[in-house]
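Some notes on the structure that comes next.
In the text below, chain A, chain B and the rest are named by the order of the sequence lines, each starting its count at 1.
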Number of protein chains: 2
Amino acid sequence: MVTIKDVAKHAGVSVATVSRVLNEIGYVHEDTRRMVEKAIQELDYTPNEVARSLYKRKSRLIGLLLPDITNPYFPQLARGVEDRMQESGFRLIFGNSDESEQKERDYIQTFVQNNAVGIISSTNFPGMESYRRLNIPVVFLDRISSDRPAVYADGREGGRIAAQQIIERGSRRVTVLQGPAHIRPAQDRFQGAVEVLQDTGVAYEVIRTASFALKEAEEKAKELFAAFPDTDGVIASNDMAAIAVLHEALRLGKKVPEEVQIIGFDDIPLIGLLSPPLSTIRQPAYDMGYKAAELMIRLIEGQTVELRNIQMPVEFVERGSTRKKPENEYVDR
Amino acid sequence: MVTIKDVAKHAGVSVATVSRVLNEIGYVHEDTRRMVEKAIQELDYTPNEVARSLYKRKSRLIGLLLPDITNPYFPQLARGVEDRMQESGFRLIFGNSDESEQKERDYIQTFVQNNAVGIISSTNFPGMESYRRLNIPVVFLDRISSDRPAVYADGREGGRIAAQQIIERGSRRVTVLQGPAHIRPAQDRFQGAVEVLQDTGVAYEVIRTASFALKEAEEKAKELFAAFPDTDGVIASNDMAAIAVLHEALRLGKKVPEEVQIIGFDDIPLIGLLSPPLSTIRQPAYDMGYKAAELMIRLIEGQTVELRNIQMPVEFVERGSTRKKPENEYVDR
DNA sequence: TTGTAAGCGTTATCAC
DNA sequence: GTGATAACGCTTACAA
């Protein structure tokens with residue numbers, strides 16, 4: 001391993017001088033600079049980030065905590081975060097939390113032990129003590145918390161749109177999948193949907209889910225059609241749940257969208273290729289990750305951040321699991 | 001930040017003693033140990049990994065480099081790696097290479113700058129100088145190289161199976177998508193398929209692709225049916241390519257699998273839900289990641305590794321994009 | 001403009 | 001059994 005000392009020796013200067021040219025700080029004679037740069041070149045030297053980090057008590061590392069990268073929604077968030085971070089020379093320590101409080105705690109500990117300068121997290125436990133204690137910036141992603149900045153989609157509006165669309169397209173006995181109770185964006189979606197359902201007086205039922213796991217979604221889908229066999233419209237809490245519902249509906253011989261309409265949430269890759277392709281409320285996942293990273297960088301750099309909560313717009317993506325909108329019928333709101 | 005000094009002071013001992021109980025090394029009196037442990041508890045102390053890493057010249061960090069986590073195949077690899085690593089207390093610095101040599105180089109540099117103890121990579125450039133220079137273990141994942149250990153699926157066998165199956169099920173004018181030329185597993189698949197095609201004397205054509213990107217796959221799919229409109233069977237280089245081919249076939253009004261059979265490779269999530277669901281050659285992605293991590297850990301711990309190359313089995317997953325096998329017709333090999 | 005040296009939080013060597 | 005202390009590779013006062 002070649003160190004700053006080697007470079008100093010090779011260039012015939014002190015380590016302080018090498019450090020100065022490395023960090024472009026303080027005075028250093030043009031000729032000296034060139035000598036040092038030549039030495040760096042020749043020795044193929046790269047500074048040891050660990051030593052730097054130790055002295056400065058901060059690294060160029062960001063902790064990224066996601067529930068499960070295997071769920072197609074999260075890679076896009078991750079990618080958005082990574083792309084923005086790498087533009088500014090930050091790197092990610094990455095972990096899956098599996099919606100486990102213990103794993104989250106462990107990862108948060110790792111992050112601080114490694115002098116991470118910030119944490120971006122799609123936590124399931126935003127109120128957790130571990131977060132509260134942190135004295136580095138935290139940005140919640142696809143989550144909401146009163147005590148930390150956050151980037152998320154407009155769930156309430158998404159829920160409203162889903163309900164409006166499914167009603168406009170003719171469903172009259174709607175079932176709403178309610179996502180995990182402790183996750184705000186999920187509840188917002190739910191409430192937005194219920195709000196419209198109540199206002200328009202359309203009959204609806206509710207099925208509660210506790211996690212985002214596919215397995216649970218499959219069980220709930222069965223439960224749904226067992227409990228409400230005559231439902232003619234399902235507003236799912238996310239696309240994975242919608243897929244489970246779609247599957248179960250088809251298995252029961254129901255025609256989608258003729259007998260049951262289904263609307264998902266997220267717009268994960270490939271759902272446009274299912275049969276029927278899934279209509280959904282699109283969240284701009286990549287952009288959300290990107291924005292979260294942007295916010296984090298501002299926080300790290302100590303800039304005053306006007307907007308601590310960034311809400312992203314959602315939109316209805318019409319595909320085959322909903323019926324065509326009747327042309328002459330206008331439902332306003 | 002509470003340091004080992006604080007703990008020492010609090011417990012009325014020296015930092016050396018604290019370090020001893022921390023690392024369970026050397027002699028320390030039972031009573032002293034208890035005092036120290038109490039102090040650690042009370043101060044909620046966790047050792048600074050950066051300082052440790054600096055002194056020992058090695059961290060608990062592993063570099064993981066994947067082409068693009070947004071491609072549904074890679075999250076599973078990542079998850080397998082992560083799960084195994086976390087069992088042994090290792091953490092991941094993660095990066096997407098986008099099949100870019102420069103990005104790979106940058107990430108490798110980061111890894112070494114942060115004292116990573118190993119690198120697991122699905123590189124597109126296994127022969128790259130940056131890898132050669134490394135003096136920490138490298139494990140290639142889903143890639144093959146003569147100078148580094150690797151974990152990959154049996155591509156040749158996969159290609160053979162794909163060809164056999166598509167022939168047995170009746171295709172007689174097969175088109176084979178040849179994956180990126182410099183990636184061994186992709187070439188193995190191709191060669192395996194061609195081998196069987198030639199042996200059985202079935203007519204076939206080849207379309208070359210350069211990357212794994214979906215966009216290119218879509219172009220090649222168009223090219224495929226333009227060049228060989230009467231092909232009745234496509235062996236794709238991976239599932240994303242197969243999806244593109246499926247889409248294009250359907251767009252052209254071809255019936256799948258009646259007029260064209262399609263076989264993918266990988267078995268990524270959700271392709272079983274497409275219409276028709278995609279038949280494919282399954283790679284055990286999660287297991288591959290897990291095994292790669294396992295191999296890496298052995299390498300790190302300096303254990304002699306009998307098996308430097310781990311080849312995983314593949315299997316045909318029959319779904320709707322291939323026809324049923326004629327019951328009375330036996331094709332052997 | 002450059003060099004010396006202290007210090008970042010650990011671990012490990014060597015006395016005691 | 002335990003404590004001083006050098007060392008890991010870097011940055012930054014401070015001195016020259």
Does B:V13 reach a base, just sugar-phosphate, or nothing at all? Heavy atoms under 4.0 Å. sugar-phosphate
Report the distance from atom CG of B:D68 to atom CD of A:E82, rounding to the nearest 0.5 Å. 9.0 Å
Should B:S14 be listed as having a side-chain N or O under 4.0 Å from OP1 or OP2 of D:dG3? yes
Within the pair B:S19 and C:dT11, is there a side-chain N or O less than 4.0 Å away from OP1 or OP2? yes
Mind checking A:T17 for me? I need base, sugar-phosphate or nothing, with any heavy atom below 4.0 Å counting as a touch. sugar-phosphate
Measure from the side chain of A:M1, starting at C-beta and using heavy atoms only, and say which of C:dG9, D:dT11, D:dG9 lies closest. D:dG9
Reference residue B:Y131; test ring-ring contact (aromatic ring centres under 6.0 Å, His included); the match among B:Y107, B:F111, B:F140: B:F140
Between B:Y27 and B:A51, who's closer to the 5' end of DNA chain D by nearest nucleotide? B:Y27
A:M35 atom CE is separated from C:dT1 atom C1', nearest whole Å, by 15 Å
Parallel, tilted or perpendicular, as decided by the 30° and 60° cut-offs, for the rings of B:F94 and A:F94: tilted
Check whether NZ of the Lys or CZ of the Arg B:R60 lies under 6.0 Å from the centre of the six-membered ring of B:F90 and within 45 degrees of that ring's axis. yes
Quick one: B:I25 CD1 to C:dT13 P, roughly how many Å, whole number? 9 Å
Rounding to a whole Å, what distance do you find between A:L54:CG and D:dA7:P? 17 Å
For the pair made of CG in B:N48 and P in C:dT10, what is the distance, rounded to whole Å? 5 Å
Counting the atoms with a prime plus P, OP1 and OP2 as sugar-phosphate, which does B:S53 contact under 4.0 Å by heavy atoms, base, sugar-phosphate, or nothing? nothing
From the list B:K38, B:E42, B:K5, side-chain hydrogen bond (donor to acceptor under 3.5 Å, both in side chains) with B:H10 holds only for B:E42
What integer distance in Å separates B:N115:CG from D:dG9:C1'? 10 Å
Is any side-chain N or O of A:R57 under 3.5 Å from a base N or O of C:dG7, one able to act as donor and the other as acceptor? no
For the side chain of B:I4, starting at C-beta, report the closest nucleotide among D:dC10, C:dG3, C:dT10. C:dT10
Rounded interatomic separation in angstrom, taking NZ from B:K9 and P from D:dT2: 20 Å
Only one of B:V7, B:T32, B:V21 passes side chain to side chain contact (heavy atoms under 4.5 Å, CB included) with B:V13; say which it is. B:T32
A:V2 or B:T32: which one's nearest nucleotide on DNA chain D is closer to the 5' end? B:T32
Rounded off to whole Å, could you give me the CZ-to-P distance for the B:R52 and C:dT11 pair? 5 Å
Is the distance from OP1 or OP2 of C:dT11 to the nearest side-chain N or O of B:N23 less than 4.0 Å? yes
With DNA chain C as reference, determine whether B:V15 or A:V28 sits nearer its 5' end, using the nearest nucleotide of each. A:V28
When you get a sec, tell me which of D:dA7, C:dC8, D:dG9 is the closest nucleotide to the side chain of B:Y55? D:dA7
A:H29 has its side chain closest, among C:dT1, C:dC8, D:dT11, to C:dT1
Calculate the interatomic distance between B:N114 atom CG and D:dG9 atom C1'; express it in whole Å. 13 Å
What I want to check is whether an N or O donor and acceptor connect the side chain of A:R20 with the base of C:dG3 at under 3.5 Å. yes
